[in-house]
Amino acid sequence: MPITLPFQPVIIIGAGRSGTNILRDTLTGLPSFATWPCDEINPIWRQGNLHWPNDELPVQRLTATIQRRIRSAFVQIWKQQGSPEFVVEKTCANALRVPFVAAAVPEAKFIHIIRDGHDVVRSAQRRWQGKMEIPSLPYFVAKARYTPLQNLPHYGLNFVKNRVSLLAKGGHRLASWGPRFDDMDLIMDRPLDVICAHQWAACVTQATQALRHSPAASMALFYDDFVRAPDAGVAKITQFLGVQIGADTIARATRDVRRPSGNTAPQTGLSDEAVQIIRKTMSMMEA
């Protein structure tokens, strides 16, 4: 018998560097919205599937025991955060396993945030190069608090390997960053922007297709629209979630959303191959 969730789970789906962080932080600035005090909880989603070769966990890998552990983690954070009405979760790798996530938490409502691939690739390259917005060690220590104890050595070793790889490659790039899709190893010798373009394309296309065919409640939110008019974006989300929140409260929650300045040409700094991957993916999504 699945553990009952006495709150509404809200799952943010999005490729890495698509605005998932700012969306989560904005929503948890609203009354009765809370989340984990760390960036992502991939180790919770991956428990029982630690050695699966990528983040594309099929539904068949969700056993009753794994589902119970995932739901227990949600209940635990709900209690720790004072029993809010909404628990928000965002783990970028979930873009590659929406059916798995929806089966684990069928009550969840999904918000798919989509950002232009050109901007994502330029931003993702910096992360692949080990350039983080927050110090890496505190970042991983915070995540370790919500990693199953028996899996800590695995993630600790991966962290060390990634940093050693960065040094060995002369600061060029990490061994791995972000969601890992099937056959990703086959393109690891390609230029970094091409790797990032494929990574974004896999996340966006798989998430879009899965949500279109899922019985779960979902909505799409475009990053550029959100940062241009965050109050309107949050108002749409609260309507989707069935909660009424005043305009003044929404304005306070969105005050840290950075409005974009003048943009450069979308393809600036990207190879022709990366641009073609992005354009092909966008065309497929619009079809």
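Model, not experiment: these values are computed from the prediction. Throughout, residue positions are numbered sequentially from 1 according to the sequence presented.
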**Q** Can you find a pair of side-chain heavy atoms, one from V75 and one from K79, that are under 4.5 Å apart?
**A**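 Yes, at least one pair of side-chain atoms sits under 4.5 Å.
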**Q** Tell me the closest heavy-atom pair linking C92 and T20, and the distance in Å.
**A** SG-OG1, 3.6 Å
**Q** Within the 4.5 Å heavy-atom criterion, are L96 and L57 side-chain neighbours or not?
**A** no
**Q** For the pair W78 (side chain) and P84 (backbone), establish whether a donor and an acceptor sit closer than 3.5 Å, ignoring hydrogens and angles.
**A**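 Answer holds: yes.
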**Q** Just by distance, do the side chain of T91 and the backbone of A93 share a donor-acceptor pair under 3.5 Å?
**A**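 Here the side-chain-to-backbone pair does not exist.
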**Q** Working note: Y223 + D116, criterion side chain to side chain contact (heavy atoms under 4.5 Å, CB included); need CA distance, chi angles, decisive distance, verdict.
**A** CA-CA 8 Å; Y223 173 85; D116 184 279; over 6 Å; no
**Q** Looking at CG of L27 and CG of L30, how far apart are the two atoms once the value is rounded to the nearest 0.5 Å?
**A** 6.0 Å
**Q** Determine, stepwise, if the pair T65 / R68 fulfils side chain to side chain contact (heavy atoms under 4.5 Å, CB included).
**A** CA-CA 5 Å; T65 298; R68 185 168 59 253; 3.6 Å; yes
**Q** Is the side chain of W200 donor-acceptor paired with the backbone N or O of R115 at a distance under 3.5 Å, no angle test?
**A**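 Present.
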**Q** What pair of heavy atoms forms the shortest contact from P37 to I77, and how long is it?
**A**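 Taking P37 first and I77 second, the nearest heavy atoms are CD-CD1, 3.9 Å.
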**Q** With rounding to the nearest 0.5 angstrom, report the CD to NZ distance, Q8 to K109.
**A** 5.0 Å
**Q** Just by distance, do the side chain of E89 and the backbone of I12 share a donor-acceptor pair under 3.5 Å?
**A**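 Answer holds: no.
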**Q** When rounded to the nearest 0.5 angstrom, what is the spacing between CZ in R46 and CZ in R61?
**A** 9.5 Å
**Q** Is there a side-chain contact between T208 and H112, using heavy atoms and a 4.5 Å cut-off?
**A** yes
**Q** Do any pairs count as a side chain to side chain donor-acceptor pair (under 3.5 Å) and have a residue in residues 242-252, sequence neighbours left out, and if so which ones?
**A**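 As it turns out, the side chain to side chain donor-acceptor pair (under 3.5 Å) pairs with a partner in residues 242-252, which skip direct neighbours, are T249-R252.
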**Q** Looking at CZ of R69 and CD of Q47, how far apart are the two atoms once the value is rounded to the nearest 0.5 Å?
**A** 6.0 Å
**Q** Taking transitive links into account, so neighbours of neighbours count too, which hydrophobic residues share a cluster with V59 at under 4.5 Å side-chain distance?
**A**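 Under the 4.5 Å side-chain rule, V59 groups with nothing.
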**Q** Is the shortest heavy-atom distance from the side chain of I113 to the side chain of K90 under 4.5 Å?
**A** no
**Q** Look at the side chain of S18 and the backbone N and O of G14, then say whether any donor-acceptor pair between them is shorter than 3.5 Å.
**A** no
**Q** Decide yes or no for I187 and F181: does some side-chain heavy atom of the first lie under 4.5 Å from some side-chain heavy atom of the second?
**A**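 Touching, per the 4.5 Å side-chain cut-off.
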**Q** Given a cutoff of under 4.5 Å between side-chain heavy atoms of I, L, V, M, F, W and Y, with clusters grown through shared members, what are the other residues clustered with V194?
**A** I277
**Q** May I ask you to check whether over 12 heavy atoms, not counting those of D189, lie within 6.0 Å of atom CG?
**A** yes
**Q** Does the W36 side chain pair with the main chain of E40, one donor and one acceptor, at a distance under 3.5 Å?
**A** no
**Q** Show which side-chain atoms of residues 229-242 pair as donor or acceptor with protein atoms under 3.5 Å away, not counting sequence neighbours.
**A**
from : atom 1 : to   : atom 2 : distance (Å)
D231 : OD1    : T254 : OG1    : 2.5
T238 : OG1    : V234 : O      : 3.2
T238 : OG1    : A235 : O      : 2.9

**Q** Counting C-beta onward and ignoring hydrogens, is there a side-chain heavy-atom pair between V121 and L270 closer than 4.5 Å?
**A**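 Side chain of V121 against side chain of L270, heavy atoms only: contact under 4.5 Å found.
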**Q** Any donor and acceptor pair, going by atom type alone, linking the side chain of Q67 with main-chain N or O of A103 inside 3.5 Å?
**A**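 It does hold such a pair.
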**Q** Distance check, rounded to the nearest 0.5 Å: R255 atom CZ versus T26 atom OG1?
**A**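 Those atoms lie 10.0 Å apart.
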**Q** Looking at residues at least two apart in the chain, or sitting in another chain, which of them share a salt bridge (Lys or Arg N to Asp or Glu O under 4.0 Å) with R24?
**A**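 Applying salt bridge (Lys or Arg N to Asp or Glu O under 4.0 Å) to R24 gives D39.
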**Q** Is there a donor-acceptor contact under 3.5 Å from the side chain of S214 to the main chain of A210?
**A** no
**Q** Where is the tightest heavy-atom contact between R71 and P106, given as atom of each residue plus distance?
**A** NH1-CD, 3.6 Å
**Q** Is the closest side-chain donor-acceptor distance between Q199 and W128 under 3.5 Å?
**A**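 A donor-acceptor contact under 3.5 Å links the two side chains.
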**Q** Please state whether the rings of F7 and F74 are parallel, tilted or perpendicular, taking 30° and 60° as the class boundaries.
**A**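 It falls in the parallel class, under 30°.
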**Q** Any side-chain heavy atom of V10 within less than 4.5 Å of one from I111?
**A** yes
**Q** Could you give the distance from CE (M285) to CE (M282), rounded to the nearest 0.5 Å?
**A**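 It is 8.5 Å, given to the nearest 0.5 Å.
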**Q** Step by step, work out the side chain to side chain contact (heavy atoms under 4.5 Å, CB included) result for F100 and N49.
**A** CA-CA 12 Å; F100 179 95; N49 290 295; 4.2 Å; yes
**Q** With side chains defined as the heavy atoms from C-beta onward, is the minimum distance between R97 and E56 less than 4.5 Å?
**A** no
**Q** Any donor and acceptor pair, going by atom type alone, linking the side chain of S123 with main-chain N or O of D119 inside 3.5 Å?
**A**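 No; judged by distance alone, with no hydrogens or angles, the pair does not exist.
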**Q** For A104 and W45, which heavy atoms make the closest approach, and how far apart are they?
**A** CB-CZ3, 4.2 Å
**Q** Mind running side chain to side chain contact (heavy atoms under 4.5 Å, CB included) on L221 and I114 for me, showing each step along the way?
**A** CA-CA 6 Å; L221 179 70; I114 304 167; over 6 Å; no
**Q** Restricting to side-chain contact (heavy atoms from CB on, under 4.5 Å), what partner residues turn up for D185, sequence neighbours left out?
**A** R180, M188
**Q** Testing the basics here: between A207 and V98, what is the closest heavy-atom pair and its distance to 0.1 Å?
**A**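 Shortest heavy-atom separation between A207 and V98 comes out as CA-CG2, 4.2 Å.
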**Q** Quick check against the 3.5 Å criterion: does Q81 have a side-chain atom that pairs as donor or acceptor with the backbone of T35?
**A**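 The answer is yes, because a donor-acceptor pair under 3.5 Å joins these two groups.
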**Q** I need the minimum non-hydrogen distance between T28 and A34, along with the two atoms involved.
**A**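 Closest pair (atom of T28, atom of A34, distance): CG2-C, 3.8 Å.
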**Q** What class does the angle between the rings of F86 and F33 fall in, given that below 30° is parallel, 30 to 60° is tilted and above 60° is perpendicular?
**A**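 Because their plane-to-plane angle is under 30°, the rings of F86 and F33 count as parallel.
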